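First up is the structure itself, then whatever we jot down about it.
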Amino acid sequence: MPLYHDDEQTMLQDTARGFFDEHAPVSHMRGLRDAKDPAGIAHELWRRCGEMGFTMALIPEEDGGLGLGHVEAGIVQEAIGRNLTPSPLLATAIGGVVALRAATNDLRTEWLPRIAEGVAIVALALEEGSKHAPDQITLKACKHADGFVLNGAKRFVPHAHIADLLIVSARSSPGAEPMLLAVTRETTGITMRTQQLADASLVSDIEFDDTVVEHSNVLVPPRDTGALLEEILNAVRVGAAAELIGLADGAMERTFAYLRDRKQFGVEIGSFQALQHRAAHLYGEVELARAAVLKAQRELDGGSGDRSRHAMVAKAIASQAATLAVQEGVQMHGGIGMTDEHDIGLFMKRARVLAELYGDTNYHAHRLASVNGY
Amino acid sequence: MPLYHDDEQTMLQDTARGFFDEHAPVSHMRGLRDAKDPAGIAHELWRRCGEMGFTMALIPEEDGGLGLGHVEAGIVQEAIGRNLTPSPLLATAIGGVVALRAATNDLRTEWLPRIAEGVAIVALALEEGSKHAPDQITLKACKHADGFVLNGAKRFVPHAHIADLLIVSARSSPGAEPMLLAVTRETTGITMRTQQLADASLVSDIEFDDTVVEHSNVLVPPRDTGALLEEILNAVRVGAAAELIGLADGAMERTFAYLRDRKQFGVEIGSFQALQHRAAHLYGEVELARAAVLKAQRELDGGSGDRSRHAMVAKAIASQAATLAVQEGVQMHGGIGMTDEHDIGLFMKRARVLAELYGDTNYHAHRLASVNGY
Amino acid sequence: MTDDLTQFRKETRAWLQSNCPLQMREPQTDEDLYWGGRDGAFANSAQKQWFEAMLSRGWTTPDWPTEYGGGGLDPERAKILREEMSRINARPPLSSFGIWMLGPALLKYGTEEQKRYHLPPIIRGEIRWCQGYSEPGAGSDLASVATRAEDKGDHWVVNGQKIWTSYANKADWIFCLVRTDPTAPKHLGISFVLFDMRTPGVSTRPIRLISGNSPFCETFFDDVVVPKGNLVGTLHRGWDVAKYLLGHEREMISAMGLGEVESITTGISEIDPLLRSQMALFDVRAAAFRACSELFLDEFRAGRAHPAKSSMMKYVGTELNKARHELLMSAGGFEAARWSGGSDAGASAQAWLRSKGNSIEGGTSEVQLNIVAKRILSLPST
Amino acid sequence: MTDDLTQFRKETRAWLQSNCPLQMREPQTDEDLYWGGRDGAFANSAQKQWFEAMLSRGWTTPDWPTEYGGGGLDPERAKILREEMSRINARPPLSSFGIWMLGPALLKYGTEEQKRYHLPPIIRGEIRWCQGYSEPGAGSDLASVATRAEDKGDHWVVNGQKIWTSYANKADWIFCLVRTDPTAPKHLGISFVLFDMRTPGVSTRPIRLISGNSPFCETFFDDVVVPKGNLVGTLHRGWDVAKYLLGHEREMISAMGLGEVESITTGISEIDPLLRSQMALFDVRAAAFRACSELFLDEFRAGRAHPAKSSMMKYVGTELNKARHELLMSAGGFEAARWSGGSDAGASAQAWLRSKGNSIEGGTSEVQLNIVAKRILSLPST
């Protein structure tokens with residue numbers, strides 16, 4: 001099978017781009033930001049994502065989904081990235097779905113159809129520190145008559161404040177196998193402090209104070225939970241990487257258009273060879289990253305034994321390429337690029353947050369080196 | 001005191017450049033290489049370096065030297081770097097002198113005058129592996145009636161095959177304080193295997209097989225030998241850094257001249273903005289390194305408590321700048337830069353060896369981070 | 001001679017020790033700068049005390065002539081003062097475009113009357129200046145000045161618009177490029193004039209940046225009357241003054257602001273091995289840049305620096321500062337990415353975004369590289 | 001259809017398993033390549049056996065038409081063959097500029113007679129080709145061809161000089177750009193001709209490189225007679241053929257040689273933490289480049305690739321390979337810097353120096369970036 005998109009995937013790409021370009025361009029994000037919208041997203045848009053089927057790519061057909069793969073999910077995520085659309089799609093329809101479709105209990109049938117419809121929002125409460133470190137889990141889950149009692153905290157959880165369900169990682173004791181719990185936001189004993197990041201996205205620090213989680217809310221996969229956690233992370237890493245590719249494309253398009261149009265010293269600045277070479281270099285970096293992301297999506301869909309490695313590579317290089325794209329974008333725009341009024345700065349801020357999300361370039365390169373045995 | 005050279009230093013620079021430009025330009029090195037000269041250097045040139053006083057900068061006046069400093073020694077080393085002159089000056093007149101002038105016994109009075117005259121050649125036998133690691137000393141020095149018996153090996157020792165004296169690091173037992181021994185090359189129990197490196201310089205692997213070293217040949221400094229070893233290394237690191245600056249200058253001059261003269265597509269290639277920006281960037285990198293080297297020389301001469309740190313910075317950044325200079329040099333010369341006939345490739349080969357010598361950029365940056373507490 | 005310097009260092013050290021309040025030795029942020037001016041107010045008594053102590057010796061401008069109120073120090077003593085201030089991390093007592101930019105231009109191109117009128121209030125921090133160079137759409141092409149000054153005999157009437165005017169909304173006076181001869185070639189019809197920002201017809205509008213702050217303004221001139229006596233240098237030859245001043249600006253930007261590029265180890269407890277590597281390589285560069293700044297300032301003050309070397313310093317220094325902030329953001333992770341709340345209320349992220357302007361303002365990195373290539377490396381023009 | 005492919009993969013895997021000698025699955029150096037030609041000799045019997053097995057299926061050129069002896073595979077089957085060969089690290093049975101460069105040009109521009117005459121010997125490795133493009137002093141400006149072909153009715157007489165002719169001293173035939181109309185504009189008076197290197201008046205001189213090796217020659221033409229029938233494409237329009245072929249060359253250089261950019265972990269026992277970081281970041285890029293090569297080849301063979309994308313691949317791939325060798329040299333230290341003796345007798349250093357030519361030959365990195373900027377990004381020309 002050739003690595004490029006097949007005809008159906010190309011059609012989906014046209015559809016997804018068309019949808020987000022029309023309904024949620026950068027001005028949409030800017031509007032939510034300037035209005036200090038407490039949700040940080042437009043619920044109406046979320047519902048329409050359900051109508052369009054964008055929430056359904058990874059949901060099995062028997063659960064009301066489309067039974068497609070990470071390539072398709074990534075196509076949608078990329079369209080979101082191009083437009084900086086604030087959306088819980090990554091956490092919900094990629095991370096949440098991969099978690100819930102592995103559940104052997106009622107969680108699966110309870111939640112997947114509601115996600116498919118664009119009703120339910122899922123947040124992933126997997127971090128406890130300021131850098132990605134999903135293995136460092138100190139949130140404690142103690143056995144209890146009805147299930148488990150949670151004590152501890154999670155931090156920087158995107159969309160938690162509007163999520164219907166939180167997928168929370170915990171341990172029964174230090175060093176124990178991680179557990180995943182599907183906790184509804186209204187559960188007693190949960191308090192959230194929601195704050196804005198530089199990209200205007202809202203994240204929450206969540207305190208669990210004797211929070212009781214019933215047995216039915218424990219995510220029980222067929223195999224071990226540690227492996228499922230890795231699966232979820234692979235999925236959201238590759239999803240975030242796809243969003244970064246879209247973001248890099250959006251930044252590049254604006255920058256290259258500016259180079260073509262803007263005149264200085266009587267000529268278009270894009271005719272300056274130094275800028276041409278940097279633009280061409282940037283293009284190459286993004287193409288490298290694009291291919292790595294596509295490859296990782298295929299490997300995830302094929303269930304390859306090497307999929308974690310490909311996911312690391314994809315997230316590492318997509319973060320790097322998008323970072324270069326926004327840095328060159330702001331610099332090449334000159335003064336106007338430094339103004340809040342121009343969109344390119346918004347791309348820079350979003351790239352920073354996405355670069356951190358689910359592990360930055362250094363994190364994944366370090367892991368890759370370890371996996372490669374050095 | 002301003003950081004730039006004073007008038008006397010500027011005069012010395014003119015003299016040193018004039019001398020090596022005239023008597024040992026790149027064609028001199030090429031001649032020795034093509035003739036497969038077994039010495040790898042011209043002894044006559046070495047004698048004249050003595051006449052010119054180039055060997056004497058760091059030798060105290062009471063030992064027949066000039067009693068100058070590392071700034072002056074570096075000026076000569078830089079002139080050598082510009083011309084790729086094969087010379088034992090760094091090991092002898094910087095490393096050897098710093099070692100021997102610290103000796104409290106007869107070694108000092110025996111050797112320093114002979115170095116000053118351009119007669120004696122000293123080699124530093126401090127490495128045992130393929131990467132710089134002066135702390136890893138497994139060469140064993142066992143006590144013996146007349147002094148010590150050496151067993152073990154040193155590797156990659158420049159100029160050892162023509163050296164009159166080897167400064168050898170050893171330990172009496174693993175973990176013990178290092179010792180420094182001043183061993184004449186003819187001592188029984190020494191065998192050498194001499195080979196060429198990529199830059200056509202000759203280095204030797206030295207086997208010590210029950211080599212007896214008398215007490216009088218043990219280098220006894222006033223304070224501990226570990227500190228002296230660090231002093232020697234500081235000196236040769238900064239000396240090698242100065243040589244790298246000269247090398248970078250030589251590579252840049254050739255490259256910029258080529259950019260000014262060479263025409264393609266009907267114009268000078270130096271008028272292409274992409275090349276101009278890279279050239280200007282390169283110039284900035286070399287200026288950074290030049291200043292760092294000057295600063296380190298001053299700190300060594302001033303006996304600053306921070307001198308080791310400045311030496312690390314100097315060697316790290318000079319290696320980096322020179323590497324960039326030769327990479328850009330070969331690339332900007334295009335095909336002709338790949339031919340053995342053109343000199344720019346010789347600069348690339350020499351830069352590689354000098355970048356390794358006494359620690360590469362990574363080695364020193366790593367140490368700097370450790371010293372800086374992270 | 002050397003003894004004199006040693007003595008000067010000793011005295012200076014002692015004087016600083018007794019006169020620099022401890023609070024003025026703390027690291028400072030943009031908010032801690034004292035800019036003076038008609039509306040200038042001290043943030044606290046320590047800042048006032050420090051400013052007045054330094055002013056009493058003329059050390060708000062240590063190397064300016066004493067006749068105008070400067071410190072009159074020679075380059076070697078000025079360097080010793082800098083070193084001793086740096087040793088105790090003493091803050092500069094006064095931040096001022098008058099000191100950094102206009103003053104050197106006035107000292108070179110101003111009439112004696114202009115110097116006597118303008119320099120003392122600059123030295124005493126009484127008048128705050130801003131710079132009117134850039135215009136909308138001109139970008140790096142600074143000589144494409146469209147703001148027109150119409151000759152009305154003893155005065156001009158100025159109409160037009162400037163952009164990227166630093167703190168124009170807080171400045172008392174502006175030094176400004178205006179076109180006095182619209183028929184001459186681009187670089188030859190420009191004049192360098194000064195006027196009061198309270199002159200009728202002057203208005204400003206702050207520009208909101210990606211950092212959320214607004215250090216720059218758009219500045220509008222609507223029939224602004226400027227007396228002919230406010231011309232600096234030769235009529236229509238303002239570009240010479242502007243270029244001289246730009247060189248100074250670059251020197252100041254590169255050497256003062258960034259000479260002290262700090263290591264970035266502070267406050268980072270756990271760092272991954274790759275970030276540590278990048279920090280280590282950064283620290284090497286930062287140390288080299290400090291040496292390079294020292295060398296450049298020494299050369300510059302002795303009149304030995306290549307006139308275009310400030311462009312190299314500006315390029316290297318600003319790129320380094322951007323790299324530093326990228327590393328700080330990597331080290332800080334999500335915490336550093338906060339825009340509100342958190343340990344530093346968005347200060348890390350804002351400083352990071354602010355740093356992106358370093359390589360744009362005062363001549364872009366691209367312009368500096370062009371200058372270095374042509375004026376230092378003598379590479380041919382197209 | 002998919003079943004057919006699965007079946008093809010299965011059969012191919014089994015066939016390779018039984019036909020590819022184990023020795024032909026070892027990593028290879030430049031010396032292990034089989035180039036064929038009149039004087040071509042196999043290094044050993046395994047090489048011969050492998051070559052003959054592949055040739056029997058037309059798989060020295062898997063996707064060339066069967067009528068000339070090629071394998072006739074469609075793009076999907078050709079990819080499966082590549083993947084299966086890569087799976088067992090099977091070496092290419094034949095290295096050939098005839099396959100990589102001339103063949104595609106002949107298939108597109110050649111007459112039926114030319115195809116029948118030249119393609120089978122290429123496929124069978126009987127004739128070894130070299131490329132006569134570059135001329136002394138021309139550098140990246142390939143169209144500045146000074147080698148003249150004088151019209152003598154039924155033949156030309158060629159005089160001039162080429163440079164950077166790969167293995168010209170070992171080649172049987174040359175494909176060559178000559179100027180057939182000296183009065184026309186630069187790109188419009190060039191023709192693409194073929195001739196035998198044994199023709200009287202042809203001589204070669206190897207160029208010694210910084211690596212110590214001499215893979216390139218200067219090639220001299222002194223009254224060389226070339227029959228008119230040896231013209232490929234239209235008279236005076238050889239530049240079209242050359243450009244088409246250059247695109248192919250870049251594809252081959254970028255995708256074949258470098259698609260397999262390896263990790264560099266092998267054989268390094270102790271690495272310092274900074275080198276490890278650099279290796280880790282390299283490995284990320286190398287893995288991404290492998291994906292990018294796969295994607296590009298898939299697009300290319302399906303006719304979907306942007307025609308200038310090979311320039312991007314060539315640029316990225318060659319720069320990556322240079323970076324790889326820099327890291328290997330850092331890892332190897334003095335041992336890797338040996339020129340003689342030692343564990344690899346200078347092979348590391350020579351390979352490192354050789355890699356520097358990657359970004360020069362076949363169009364410099366600068367030329368590739370120009371092409372990408374103009375043809376893919378549509379940035380304006382000066």
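As the structure is a computational prediction, the values presented were derived from the model and not from experiment. Reminder, nothing fancy here: chain letters follow the sequence lines and each chain counts from 1.
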*Any salt bridge between A:Glu285 and D:Arg285, counting N to O under 4.0 Å?*
yes
*Heavy atoms of other groups near D:Lys186 NZ, more than 12 under 6.0 Å*: yes
*asked:* Using 0.5 Å steps for rounding, measure from the CG atom of D:Asp283 to the CZ atom of A:Arg309.
replied: 9.0 Å
*Check whether any side-chain heavy atom of D:Lys79 sits under 4.5 Å from a side-chain heavy atom of A:Met1, and report yes or no.*
no
*In terms of side-chain heavy atoms, does D:Asn370 have a donor or acceptor partner in A:Gln273 at a distance below 3.5 Å?*
yes
*asked:* Quick check: closest heavy atoms across A:Tyr4 and D:Ala302, and the distance to 0.1 Å?
replied: OH-CB, 3.1 Å
*Taking all heavy atoms of A:Ala280 and all of D:Ala373, pick out the closest pair and write down the distance.*
CB-N, 4.1 Å
*Sort out for me which of A:Leu368, A:Val293, A:Val267, A:Thr361 touches chain D most, counting heavy-atom pairs under 4.5 Å.*
A:Leu368
*Nearest 0.5 Å, what's the CG-CZ distance between D:Leu377 and A:Arg260?*
7.5 Å
*Looking only at heavy atoms, what is the nearest atom pair of A:Leu288 and D:Cys292, with distance?*
CD2-CB, 3.8 Å
*Residue D:Ser277 versus chain A: region with a heavy atom under 4.5 Å*: neither
*Are A:Gln276 and D:Lys374 side-chain neighbours, meaning at least one heavy-atom pair lies under 4.5 Å?*
yes
_Residue pair A:Tyr374 / D:Arg276: nearest heavy atoms and the distance that separates them_ = O-NE, 3.4 Å
_Top contributor to chain A contacts, counting heavy-atom pairs under 4.5 Å, from D:Ser381, D:Ser378, D:Ser365, D:Pro75_ = D:Ser378
*Against chain A, work out which of D:Val316, D:Val372, D:Leu369 has the most heavy-atom pairs shorter than 4.5 Å and name it.*
D:Leu369
*A:Ile317 versus D:Phe289: any side-chain heavy-atom pair under 4.5 Å?*
no
*Quick one: closest heavy-atom pair of D:Val284 and A:Val313, and the distance?*
O-CG1, 3.7 Å
*Tell me, for A:His366 versus chain D, whether the close heavy atoms (under 4.5 Å) come from the side chain, the backbone, both or neither.*
both
*From D:Tyr315 atom OH to A:His281 atom NE2, the distance as rounded to the nearest 0.5 Å*: 4.5 Å
*Out of A:Ala316, A:Ala292, A:Ala365, A:Gly373, which one racks up the most heavy-atom pairs below 4.5 Å with chain D?*
A:Ala365
_Quick check for you: among A:Pro2, A:Ala369, A:Ala279, which has the greatest number of heavy-atom pairs under 4.5 Å with chain D?_
A:Pro2
_Rounded distance (nearest 0.5 Å) linking atom CZ of A:Phe256 with atom CD1 of D:Ile376_ = 10.5 Å
*Return yes if some donor-acceptor pair links the side-chain N/O of A:Lys295 with the main-chain N/O of D:Ala288 below 3.5 Å, else return no.*
no
*Which heavy-atom pair separates D:Leu295 from A:Leu294 by the least distance, and what is that distance?*
CD1-CD2, 4.1 Å
*Contact class of D:Glu366 relative to chain A, heavy atoms under 4.5 angstrom*: both
*Got more than 12 heavy atoms from elsewhere within 6.0 Å of CD, A:Glu8?*
no
*asked:* Could you measure the distance from the NE2 atom of A:His310 to the CZ atom of D:Arg290? Nearest 0.5 Å is fine.
replied: 8.0 Å
